[in-house]
J.: 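Have a look at this one.
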Amino acid sequence: MEQLTQQKCVPCSGGVPRLNSEQIAELTPQVPNWDVVEVEGISRLVRLYKFPNFVSALAFTNRVGDAAEKEGHHPALLTEWGKVTVSWWTHEIGGLHQNDFVMAAKTDEIANQMAATK
């Protein structure tokens, strides 16, 4: 299977089914630091990233935002002093799609790149 970071998001509309629990279980090991949580009845991928200060957290937020814009798939981002919480889910289907796992992997890749340049 192609690595998630090498995949592109596919256009998704309301008629596409959400991933089932078996599909989620198959993809989850590829993004091991992410939690699958349910918020208001909707499954989401959520991860907290920590940074040494607000400037680093904001730089990460902006890089994730740039990647999201390129893929046409956008997360919820909560940027605070020294931390960023990223949540991925597909609004159109009210749950998780493969795109969310692709973007979670790409988000990890951004964090790893930033850590390597310290």
J.: Which of these, Asp108, Asp35, Val84, Val31, sits in a side-chain contact (heavy atoms from CB on, under 4.5 Å) with Arg47?
T.: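 Of the listed options, the one satisfying the test is Asp108.
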J.: To the nearest 0.5 Å, how far apart are CD in Glu26 and CG in Asn20?
T.: 9.5 Å
J.: Just by modelled atom types, is the Val55 backbone N or O under 3.5 Å from a matching donor or acceptor in the Asn53 side chain?
T.: yes
J.: Can you give me the closest heavy-atom contact between Pro29 and Pro32, atom names plus distance?
T.: O-CD, 3.4 Å
J.: Evaluate the side-chain proximity of Tyr49 to Thr85: yes if any heavy-atom separation is below 4.5 Å, no if none is.
T.: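 In short, these two side chains do not touch, never coming nearer than 4.5 Å.
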J.: For Trp88 and Asn99, which I'm curious about, is there any donor-acceptor pair between the side chains at under 3.5 Å?
T.: no
J.: Determine, stepwise, if the pair Trp34 / Thr28 fulfils side chain to side chain contact (heavy atoms under 4.5 Å, CB included).
T.: CA-CA 8 Å; Trp34 289 78; Thr28 301; over 6 Å; no
J.: For a 4.5 angstrom cut-off between non-hydrogen side-chain atoms, does Glu71 reach Met103?
T.: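 In contact.
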J.: If you define the side chain from C-beta out and look only at heavy atoms, does anything of Ser87 sit under 4.5 Å from Leu45?
T.: no
J.: Looking only at heavy atoms, which two atoms of Val64 and Pro75 are closest? And how far apart?
T.: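 Shortest heavy-atom separation between Val64 and Pro75 comes out as CG1-CG, 4.2 Å.
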J.: Transitive ILVMFWY cluster of Phe54 at side-chain heavy atoms under 4.5 Å: who else is in it?
T.: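 Once heavy-atom contacts under 4.5 Å are chained together, Phe54 belongs with Leu58, Trp81.
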J.: Should Ile24 and Val86 be regarded as members of a common hydrophobic cluster, given that ILVMFWY residues are connected when their side-chain heavy atoms come within less than 4.5 Å of each other, either directly or indirectly?
T.: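 Yes, because Ile24 and Val86 connect within a single hydrophobic cluster, where side-chain heavy atoms sit under 4.5 Å apart.
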J.: Could you tell me whether the side chain of Asp100 and the main chain of His97 form a donor-acceptor pair under 3.5 Å?
T.: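 It does hold such a pair.
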J.: Flag yes if Leu77 and Phe101 sit in one hydrophobic cluster, no otherwise; membership is Ile, Leu, Val, Met, Phe, Trp, Tyr, and two members link when side-chain heavy atoms are under 4.5 Å apart.
T.: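 Yes, because Leu77 and Phe101 connect within a single hydrophobic cluster, where side-chain heavy atoms sit under 4.5 Å apart.
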J.: With the side chain counted from C-beta on, respond yes when Arg18 and Leu96 share a heavy-atom pair under 4.5 Å apart, and no when they do not.
T.: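 No; the side chains remain at least 4.5 Å from each other.
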J.: Compare all side-chain heavy atoms of Ile42 with those of Glu38 and state whether any distance is below 4.5 angstrom.
T.: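 The answer is no; the side chains never approach within 4.5 Å.
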J.: For Glu22, does the CD atom have more than 12 heavy-atom neighbours from other residues, nucleotides or ligands under 6.0 Å away?
T.: no
J.: With rounding to the nearest 0.5 Å, note down the distance linking OG1 in Thr61 to NZ in Lys83.
T.: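 The NZ atom of Lys83 is 13.0 Å from OG1 of Thr61, to the nearest 0.5 Å.
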J.: Kindly compute the distance separating CE (Met114) from CD (Glu109), expressed to the nearest 0.5 Å.
T.: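 Spacing of CE (Met114) from CD (Glu109) equals 13.5 Å.
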J.: Check whether any side-chain heavy atom of Phe60 lies under 4.5 Å from a side-chain heavy atom of Ile110, and answer yes or no.
T.: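 Sidechains of Ile110 and Phe60: in contact.
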J.: I'd like to check His91 versus His74 (side-chain heavy atoms, cut-off strictly below 4.5 Å). Are they in contact?
T.: no
J.: Please determine whether side chain to side chain contact (heavy atoms under 4.5 Å, CB included) holds for the pair Leu27 and Gln98, giving the CA-CA distance in whole Å, both sets of side-chain angles, and the decisive distance to 0.1 Å.
T.: CA-CA 8 Å; Leu27 290 167; Gln98 175 132 348; 4.1 Å; yes
